[in-house]
Amino acid sequence: MIDKETRIKIAIQKSGRLTDHSLDLLQRCGLKYTRARDQLICFGENMPLDILLVRDDDIPALVRDDVCDLGFVGLNIVEETRLGSGEDNDSETEHFSVLRRMDYGHCRLSFGYPEDGPVQSASQLNGRRIATSYPNIVNDYLKRESVDAEVVEFSGAVEIAPSLGRADVICDLVSTGTTMAAHKIREGETLLESEAVILQTPVALPAGKQQWIDRLMQRIDGVMQVRESKYIMMHAPKSALARISELLPGSEAPTVLPLEGLDDIVAVHVVCRETVFWETLENLKGAGASSVLVVPVEKMLA
Ligand code: ATP
Ligand code: ZN
C-alpha cells in the first residue's frame, strides 16, 4: 500500500513516446526505483516518491481528481481533457496547474488537407467533415472561428479517414510531418503547439510532500539547464577579455585566473547555457584565445 500522506505519486505514460524521457528525467534527478512485478508502479528507493504507469489519456484526470500528485503528460492531452470538462476559458484553471513545460514530446496539432481534396485551407472548412482524436480542441477552434463543420472522432489512424471516405480534412499531431506526407496529406494551420508538461494536483499538499515536490522541481530545472550547458576553459590575453565575453552565448561573468609566470595572459573559465558551436570556438581563437577546452556539465544548482 502506498502511504498517501507522505509519498508523492507521479503518473507517467506506461508505454509510448513520453515514457523513456519521463523516466530518464526522474533518474537524472537522482531517483532510484524498483518496478513492481505487475509493472504498473515503480517504487522510489531513495526518495518518498512512487511512479504510476498509465495511459497518457488518463493522466490529467488522475491529477485533477487527486489520485496522483503530479503527472507528466503532453499539453495536447491536458487541453483536450480541460476543454472536455467544460472549462472553455483560455487560462489554465485551478483543476490543472501546469508546473513546468519540458523540453521533450514536442509536436503540434494541425489540420491536414488531402492533396487532391476539396479543402486546402481553414477558410474552406464550412460544411466539411474533420476527422480527429482531439474533438474538444477542434470544436473549440470551430466555435471561436464561427465555422460550421462536423467533427468525426477517431481514436487512432486519423490519417486514413479521408481515403475511407469518412472525412474531407484531418486534424492530428505532427512532429516531422512524414506520416501526413506518406498519406498525401498536406499540413495546414496549427491549432496547438505541444510539449510534455508537469501537472500538479489542485489540492493543497502536506508541507513535507510539497517540500519534496519543490526539491524535485529545482532538480528538474537543473537537469533541463545542463542539457545544452558547457564549461569552457581557455587562455586569453587580458586585452581580449571583453571581446571574448561577448562571443560566449548565454554565459555569466567569467572566472579569470592568473597564470604562473605570465603577466598579460590569463585563464578564463565560463559556463555557457546555450549550444557552443565550432564557429564560436573559431571566433574565440580569432579574438586571441588559445587552448580552448569545452566540457559537458553534469549537474547544476542555480
Ligand atoms: P497511450 O497508449 O498512452 O494512450 P498514445 O498512442 O496515445 O499512447 P503516443 O503516440 O505514445 O500516445 O504519444 C504520446 C504523446 O507524445 C502525445 O500525446 C504527444 O504529446 C507526444 N507526441 C510527440 N510527437 C508526436 C507525434 N508525432 N505523434 C503523436 N504524439 C506525439
Ligand atoms: Zn493516448
Side-chain angles (χ1 to χ4, degrees), residues 9-26 35-36 38-42 50-65 67-68 70-85 92 95-114 130-141 151-162 167 169-200 220 224 227:
K9 264 193 283 175
I10 304 184
I12 71 164
Q13 192 185 21
K14 180 166 190 272
S15 97
R17 292 171 200 261
L18 303 181
T19 309
D20 289 348
H21 281 292
S22 304
L23 286 173
D24 181 62
L25 181 61
L26 288 168
R35 205 154 169 168
D38 61 10
Q39 303 275 307
L40 299 179
I41 300 182
C42 297
D50 301 306
I51 305 168
L52 248 74
L53 298 146
V54 296
R55 282 202 58 199
D56 67 346
D57 312 63
D58 297 333
I59 293 175
L62 285 171
V63 175
R64 180 193 61 205
D65 301 340
V67 178
C68 292
L70 300 178
F72 290 22
V73 64
L75 190 62
N76 50 309
I77 307 276
V78 179
E79 277 303 286
E80 181 65 14
T81 311
R82 184 176 72 80
L83 290 165
S85 40
E92 283 150 5
H95 295 313
F96 296 111
S97 130
V98 173
L99 284 188
R100 290 288 185 285
R101 283 176 165 248
M102 288 182 289
D103 200 15
Y104 63 88
H106 290 280
C107 57
R108 51 196 185 272
L109 184 67
S110 298
F111 284 122
Y113 306 118
I130 309 166
T132 188
S133 309
Y134 295 86
N136 298 326
I137 299 179
V138 176
N139 272 317
D140 179 64
Y141 171 89
V151 174
V152 185
E153 190 171 347
F154 266 64
S155 57
V158 174
E159 62 282 351
I160 63 168
V169 173
I170 66 168
C171 186
D172 202 8
L173 293 179
V174 188
S175 47
T176 58
T178 44
T179 310
M180 281 200 187
H183 289 82
K184 296 201 166 17
I185 294 174
R186 189 179 59 76
E187 184 183 348
E189 298 83 352
T190 295
L191 280 68
L192 176 78
E193 295 278 356
S194 182
E195 63 210 328
V197 300
I198 302 182
L199 291 184
Q200 177 165 349
I220 284 176
M224 293 202 304
R227 284 230 172 109

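Each ligand, and each atom within it, is numbered from 1 in the order the structure gives.
Counting only heavy atoms of the protein, atom 30 (N) of ligand 1 lies nearest to L173 CD1, 3.3 Å. For atom 12 (O) of ligand 1, the closest non-hydrogen atom on the protein side is Q13 NE2, 3.3 Å. Protein heavy atom at the shortest distance from atom 20 (O) of ligand 1 is N76 OD1, 2.7 Å. Looking from atom 27 (N) of ligand 1 to the surrounding protein, the closest heavy atom is S175 OG, 2.7 Å.
Atom numbering of ligand 1 starts at 1 in the shown order; those under 4.0 Å from a heavy atom of L18 are 15 (C), 16 (O). Close approach of ligand 1 to I77 is summarised as follows: ligand atoms under 4.0 Å from at least one heavy atom of the residue are 18 (O). If you number the atoms of ligand 1 from 1 as listed, the ones under 4.0 Å from a heavy atom of D57 come out as 4 (O), 7 (O).
In this structure, T132 and C171 approach most closely via the heavy-atom pair OG1-O, 2.7 Å. Summarising the geometry of I77 relative to D57, their closest heavy-atom pair is CG2-CA, 3.9 Å, with the distance given to 0.1 Å. Here the closest heavy-atom approach between residue I12 and residue I51 is recorded as CG1-CG2, 3.6 Å. Between S133 and E80, the shortest heavy-atom contact is O-OE2, 4.3 Å. Minimum heavy-atom separation, Q39 to K14: O-CE, 4.5 Å.
Judged by distance alone, with hydrogens and angles left aside, the side-chain atoms of S194 form no donor-acceptor pair with the main-chain N or O of G74 at under 3.5 Å. Using a distance-only test at 3.5 Å, with no hydrogens or angles considered, a donor-acceptor pair links the side chain of D38 to the main chain of L40.
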(request) Carefully, step by step, assess T179 and E159 under the rule side chain to side chain donor-acceptor pair (under 3.5 Å). (result) CA-CA 8 Å; T179 310; E159 62 282 351; over 6 Å; no
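In L75, neither the side chain nor the backbone holds a heavy atom less than 4.0 Å from any atom of ligand 1. Proximity of T176 to ligand 1, defined as any heavy-atom pair under 4.0 Å, is not found for any part of the residue.
Between S194 and ligand 1, no N or O atom pair is found at a separation short of 3.5 Å. Polar contact check, S15 against ligand 1: no nitrogen or oxygen pair lies under 3.5 Å apart.
At least one protein heavy atom sits closer than 4.0 Å to atom 16 (O) of ligand 1.
For atom 25 (C) of ligand 1, the choice among R17, K14, R55 with the nearest heavy atom turns out to be R17. Heavy-atom proximity to atom 21 (C) of ligand 1, evaluated over G74, C107, G16, is greatest for C107. Nearest-residue assignment for atom 14 (C) of ligand 1 (options D56, I12, T19; heavy-atom criterion): D56.
Checked against the 6.0 Å centroid criterion, the rings of F72 and Y104 do not qualify as a close aromatic pair.
Heavy-atom distances between H106 and ligand 1 reach below 4.0 Å in at least one pair.
A heavy-atom distance below 4.5 Å is not found between the side chains of H106 and E193. A 4.5 Å side-chain heavy-atom check between F111 and Y141 finds at least one atom pair inside the cut-off.
Between the Zn ion (ligand 2) and the N, O or S atoms of D56, the shortest distance is to OD1. Distances from the Zn ion (ligand 2) to each N, O or S atom of D57 single out OD1 as the nearest.
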